[in-house]
Q: 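Take a look at this one; I'll ask things after.
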Amino acid sequence: MSHAPVLLVIAHGSRDPRHAATVHALVERVRSLRPGLRVETGFLDFNIPSVQGVLESLAAQGVRDVVALPLLLTRAFHAKADIPAVFREAPRGLRIRQADVLGPSPLLLSALERRLYEAGLTPADKSSTGVVLASAGSTDPEAIAVIAAIAREWRHTGWCAVRPAFASASLPRTDEAVRELRARGCAKVAVAPYVLAPGFLPDRIARGAEAADADVLGDVLGAAPEVARVLVERYEAALVPLPAALGA
């Protein structure tokens, strides 16, 4: 395993110290799942080390192969623009493979559900409970469509209803979605933050849940074991060779 490509987890970064602490806890859990694997963390903004700094350090140590894994739930702007831009500035000689973003994944739905049960729901509540799937929000239509699709899929597992909501850039907001589910007749309403780490937008989700008097507010996904397993899955998928070109 010593020659396996290094896994570089790329986090957004935040002025909120809870963000970096949560990222590091998640990375530690990934290390525990793959003890032989070297796992590094880099931040796009606000925190150190920077992604660029980690890449330069790895190159200086003679590392040649890196799998870069964006710690993102959807393929929004950061996955499509920011991160590839950083790679273009990477030291020559590094072979960087970009892994897929984390979502969607059945494991993430399992983590969301477990967070709601940890917050006080029971499986017996499921059929009478409406869930607000509250994400950070995006101006990217693809990202918004993915959140809506996840809500539809989760609804089919037995909830009274599931509605997407967004903390920024898109509507509805969390409080509006909570009130809509109440009006629909769901006996309880739970808010499930579809976010990885605490910060400004997750706090806004929590305020919306409180303002609309939601019955349950789940914790962020954070260092949930299911999230760590998704990281390992994405890393391993990035190692699978692409089909050879025709005629090669």
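FYI, the numbering just counts along the sequence from 1.
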Q: Out of curiosity, I144 CD1 to E142 CD, how far, rounded to the nearest 0.5 Å?
A: 11.0 Å
Q: Give me the atom names and distance for the closest heavy-atom approach of Y194 to G103.
A: OH-CA, 3.9 Å
Q: Inspect the contact between R18 and D16 and indicate whether a charged nitrogen and a carboxylate oxygen are less than 4.0 angstrom apart.
A: yes
Q: Using the rule that two of Ile, Leu, Val, Met, Phe, Trp, Tyr join whenever any of their side-chain heavy atoms come within less than 4.5 Å, decide whether L109 and V195 are in one cluster.
A: no
Q: I'd like to know if the side chain of E153 and the backbone of A149 have a donor-acceptor N/O pair within less than 3.5 Å.
A: no
Q: Of L69, L7, L33, which is the lone residue that meets side-chain contact (heavy atoms from CB on, under 4.5 Å) with V39?
A: L7
Q: Of all the heavy-atom pairs spanning A197 and P202, show the shortest one and how long it is.
A: O-CG, 3.3 Å
Q: Rounded at 0.5 Å granularity, tell me how far CG in L102 sits from CZ in R234.
A: 6.5 Å
Q: Does I10 reach the side chain of F87, with side-chain heavy atoms less than 4.5 Å apart?
A: yes
Q: After noting the C-alpha distance and the side-chain angles of Q52 and V86, does the key distance pass the side-chain contact (heavy atoms from CB on, under 4.5 Å) rule?
A: CA-CA 7 Å; Q52 187 68 26; V86 173; 3.9 Å; yes
Q: Do you know the tightest heavy-atom contact between R182 and A214?
A: NH2-CA, 4.0 Å
Q: Within a radius of less than 6.0 Å around CD1 of I48, do more than 12 heavy atoms belonging to other residues, nucleotides or ligands occur?
A: no
Q: Taking all heavy atoms of R97 and all of P5, pick out the closest pair and write down the distance.
A: NH2-CG, 3.4 Å
Q: Quick one: does L58's side chain get under 4.5 Å of R38's, heavy atoms only?
A: yes
Q: Looking only at heavy atoms, what is the nearest atom pair of L217 and A206, with distance?
A: CD2-CB, 3.7 Å
Q: Would a single hydrophobic cluster contain both L73 and V27, if residues Ile, Leu, Val, Met, Phe, Trp and Tyr are joined by side-chain heavy-atom contacts under 4.5 Å?
A: yes
Q: Between the side chain of N47 and the main-chain N/O of S14, is any donor-acceptor distance below 3.5 Å?
A: yes
Q: Ignoring hydrogens and angles, tell me if any N or O in the side chain of R229 forms a donor-acceptor pair with the backbone of E233 under 3.5 Å.
A: no
Q: Is L116 reachable from L181 through a run of I, L, V, M, F, W or Y residues, each pair having side-chain heavy atoms under 4.5 Å apart?
A: no
Q: Look up atom CG in L201 and atom OG in S135, then write down how far apart they are to the nearest 0.5 Å.
A: 9.5 Å
Q: Go through it in stages, so that I can follow the logic: the residues are L108 and V227, the test is side-chain contact (heavy atoms from CB on, under 4.5 Å), and I'd like the CA-CA distance, side-chain angles, deciding distance and then a yes or no.
A: CA-CA 6 Å; L108 295 180; V227 180; 3.9 Å; yes
Q: Do W154 and L112 make a side-chain contact, defined as non-hydrogen atoms from C-beta onward lying under 4.5 Å apart?
A: yes
Q: Is there a side-chain contact between P225 and R114, using heavy atoms and a 4.5 Å cut-off?
A: yes
Q: For atom CZ of R15, is the number of surrounding heavy atoms from other residues, nucleotides or ligands below 6.0 Å larger than 12?
A: no
Q: Going from CZ on R31 to NE2 on H24, what distance comes out if it is rounded to the nearest 0.5 angstrom?
A: 9.0 Å
Q: Might you work through the side-chain contact (heavy atoms from CB on, under 4.5 Å) test for V216 and K188, ending with a clear yes or no?
A: CA-CA 8 Å; V216 171; K188 287 188 175 182; 5.7 Å; no
Q: If hydrophobic clusters are built from ILVMFWY residues whose side chains come within less than 4.5 Å, do I205 and I150 share one?
A: no
Q: Same hydrophobic cluster for F166 and V189, using side-chain heavy-atom links shorter than 4.5 Å among ILVMFWY?
A: no
Q: Would you call V66 and E40 a side-chain contact if the rule is heavy atoms closer than 4.5 Å?
A: no
Q: As an exercise, state the distance from CG of L71 to CG of L196, rounded to the nearest 0.5 Å.
A: 5.0 Å
Q: Looking only at heavy atoms, which two atoms of G208 and T174 are closest? And how far apart?
A: C-CG2, 4.1 Å
Q: Any side-chain donor paired with an acceptor under 3.5 Å for E28 and S32?
A: no
Q: Under 3.5 Å, side-chain donor or acceptor atoms of residues 124-134 against the rest of the protein: list the pairs with distances, not counting sequence neighbours.
A:
{"residue": "D125", "atom": "OD2", "partner": "T122", "partner atom": "N", "Å": "2.8"}
{"residue": "D125", "atom": "OD2", "partner": "T122", "partner atom": "OG1", "Å": "3.2"}
{"residue": "K126", "atom": "NZ", "partner": "E113", "partner atom": "OE1", "Å": "3.4"}
{"residue": "K126", "atom": "NZ", "partner": "E113", "partner atom": "OE2", "Å": "2.9"}
{"residue": "K126", "atom": "NZ", "partner": "T157", "partner atom": "O", "Å": "3.1"}
{"residue": "K126", "atom": "NZ", "partner": "T157", "partner atom": "OG1", "Å": "3.4"}
{"residue": "S128", "atom": "OG", "partner": "D125", "partner atom": "O", "Å": "3.1"}
{"residue": "T129", "atom": "OG1", "partner": "D125", "partner atom": "O", "Å": "2.7"}

Q: Which residues pass the salt bridge (charged side-chain N to carboxylate O under 4.0 Å, His left out) test with R115, sequence neighbours left out?
A: E118
Q: Test V230 against E226 for side-chain contact (heavy atoms from CB on, under 4.5 Å), laying out the working first.
A: CA-CA 6 Å; V230 176; E226 298 91 341; 5.6 Å; no
Q: Show your working on salt bridge (charged side-chain N to carboxylate O under 4.0 Å, His left out) between D175 and R179 and close with a plain yes or no.
A: CA-CA 6 Å; D175 58 332; R179 292 183 183 108; 3.1 Å; yes
Q: How are the rings of H12 and F46 set relative to one another: parallel (under 30°), tilted (30 to 60°) or perpendicular (over 60°)?
A: tilted
Q: Look up atom CG in L72 and atom CG in L44, then write down how far apart they are to the nearest 0.5 Å.
A: 7.5 Å
